[in-house]
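Okay, handing you the structure first.
For reference, positions follow the sequence shown, starting with 1. Every number for a ligand or one of its atoms is a count from 1 in the order of the listing.
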Amino acid sequence: MSNPCDYLIYNVQIATMLTGSAPYGEIKNGCITIDGERIVYVGELSNFSGNAKSKFDGGGKWILPGFIDCHTHLVYGGDRANEFERRLNGESYQSIAAKGGGIKSTVNATRKATADELLASAILRATALVNEGVTTLEVKSGYGLDLDTEIKMLQVAKKLSDELPVKILATYLGAHALPAEFAQDADAYIDFVCDEVMPKISELKLADSVDVFCESIGFSPAQCERVFKAAQQFGLTIKAHVEQLSDLKGAKLACDYHALSVDHIEYLPASDVFNLKLSDTVAVLLPGAFYFLNETQKPPIEALRKQQVPMAIATDLNPGSSPIASILTCANMACVLFALTPEEALRGITVNAAKALGLKDRGEIKAGCRADLCLWDISHPAQLVYTVNQYKPVSKWFGGKLV
Ligand code: NIG
Ligand code: FE
């Protein structure tokens, strides 16, 4: 490598997260060159002989790809602390939802909130993630359910990238809960989602993907299938909340529609894992919701591992089932609760999380990728997931810019 470049980061241990070489794709005493937003060269410093316009000495610290939180609901009004108390007094998540609490109570609060109020509270939550090294973030709608509030939520989500150094992907989650105005007529609500909201959202380019909640307290597989068909028509990629509380075969259905990811999957039987393999669908694990709901049924990790289905980990940051604004805490939970290895957990919030969002240009440190990078004062990458709340990046580059 002898071309001149804009920017050189040197004297770093690089966790490229590429497979096939050392664990974590480690390069000792490495360097990274960057032109504009992109990485140009990654390798050992001794192999680099070019000239850089400016240089950054990493002081021997570790550099990792920026983290990717591929599943959040962080735009919402109000909170659900009262429901937390009700649950600790013996009510279940499902029974609170059946009595009009749960997602529906957040829908009421989100409809009442102004866009500015939603943005102000979302910035606080997103800032916590960004401070921990998140550089790409997915945000779902689904607490508005009517046209105006869904649009308001998605616009607020997109605005986060004007306020913070983070890339946002937005997902339309119309089939999240049945709003009061359609009570008793879920099929008519699905008509509304597919025929009125989705065309508008697609026209305004407010979403990259659609999502559904396939569950007894959400929507049936037949209803979700209608949403998937409409999504295909509008060129939106598919993600799905499936098998969180019961096995409705939602994962198989989503895989039939080539979903990018199926998320939660605690109740996915090991014998159904091959469906994910066939459709190249990522398994998104949400240990924060598992922890917060005190769930005992664990996702089929061993089968996912055996069949080499990529596993991502996300916060699921939301007011009801996972009020946890920390990607590294969720990575730690994936290790402690689901027995992922630290390397699997870090792959889960980098390369596999990128895949869960259909992004090919990030999550690894290699030529051509976005230069979303974080420098950490650690002696080994496993330290990031074995500890809780002990490390923050010491330097961050977002699209090649030191922020
Ligand atoms: O991912 N499962 C559905 N949706 C969210 C929970 C939303 C809520 O309880 O407000 C989840 O867990
Ligand atoms: Fe979720």
N/O/S from His264 sitting under 2.8 Å away from the Fe ion (ligand 2): no
Using a 4.0 Å cutoff against the non-hydrogen atoms of His71, which atoms of ligand 1 qualify? 1 (O)
Looking only at heavy atoms, which two atoms of Phe213 and His241 are closest? And how far apart? CD1-CB, 3.7 Å
Is any side-chain N of the basic residue among Arg111 and Glu117 closer than 4.0 Å to the acidic one's carboxylate O? no
Indicate yes or no: does Asp372 engage Lys167 in a salt bridge with an N to O separation below 4.0 Å. no
If you scan protein heavy atoms around atom 11 (C) of ligand 1, the nearest is Asp316 OD2, 3.2 Å
Is it true that Asp247 and Lys249 have a side-chain N and a carboxylate O under 4.0 angstrom from each other? yes
Would you call Lys53-Asp6 a salt bridge at under 4.0 Å N-O? yes
Per-atom contacts of ligand 1 with Tyr93, taking only distances under 4.0 Å to non-hydrogen atoms: 6 (C), 7 (C), 8 (C), 9 (O)
Can you list the atoms of ligand 1 that are under 4.0 Å from a heavy atom of Phe213? 2 (N), 3 (C)
Heteroatom of His71 nearest to the Fe ion (ligand 2) (N, O or S, atom name): NE2
Within 45° of the ring axis of Phe219 and under 6.0 Å from its six-membered ring centre, is that where the NZ or CZ of Arg226 lies? no
Contact atoms of ligand 1, heavy-atom distance to Tyr143 under 4.0 Å: 7 (C), 8 (C), 10 (O)
Look at ligand 1 and say whether Glu215 reaches it with a heavy atom at a distance under 4.0 Å. no
For atom 4 (N) of ligand 1, which protein heavy atom lies nearest, and how many Å away is it? His176 NE2, 2.8 Å
Just need the protein heavy atom nearest to atom 12 (O) of ligand 1, so name the residue and atom and give the distance. Ser321 OG, 2.5 Å
Could you grab the angle centred on the Fe ion (ligand 2), going from NE2 in His73 to NE2 in His241, to 10°? 100°
Using the test side chain to side chain contact (heavy atoms under 4.5 Å, CB included), find all partners of Leu402 that sit at least two apart in sequence or belong to another chain. Tyr7, Phe56, Ser395, Trp397
If the threshold is 4.0 Å, N to carboxylate O, is there a salt bridge linking Asp211 and Lys140? yes
Examine all N, O or S atoms of Asp316, backbone included, and report whether one is under 2.8 Å from the Fe ion (ligand 2). yes
Compute the centroid of each ring, for Tyr10 and then for Phe48, and state whether the two points are separated by less than 6.0 Å. no
Arg80 to ligand 1: N or O pair under 3.5 Å? yes
Among all the protein's non-hydrogen atoms, which is closest to atom 2 (N) of ligand 1, and how far away is it? Gln244 OE1, 2.9 Å
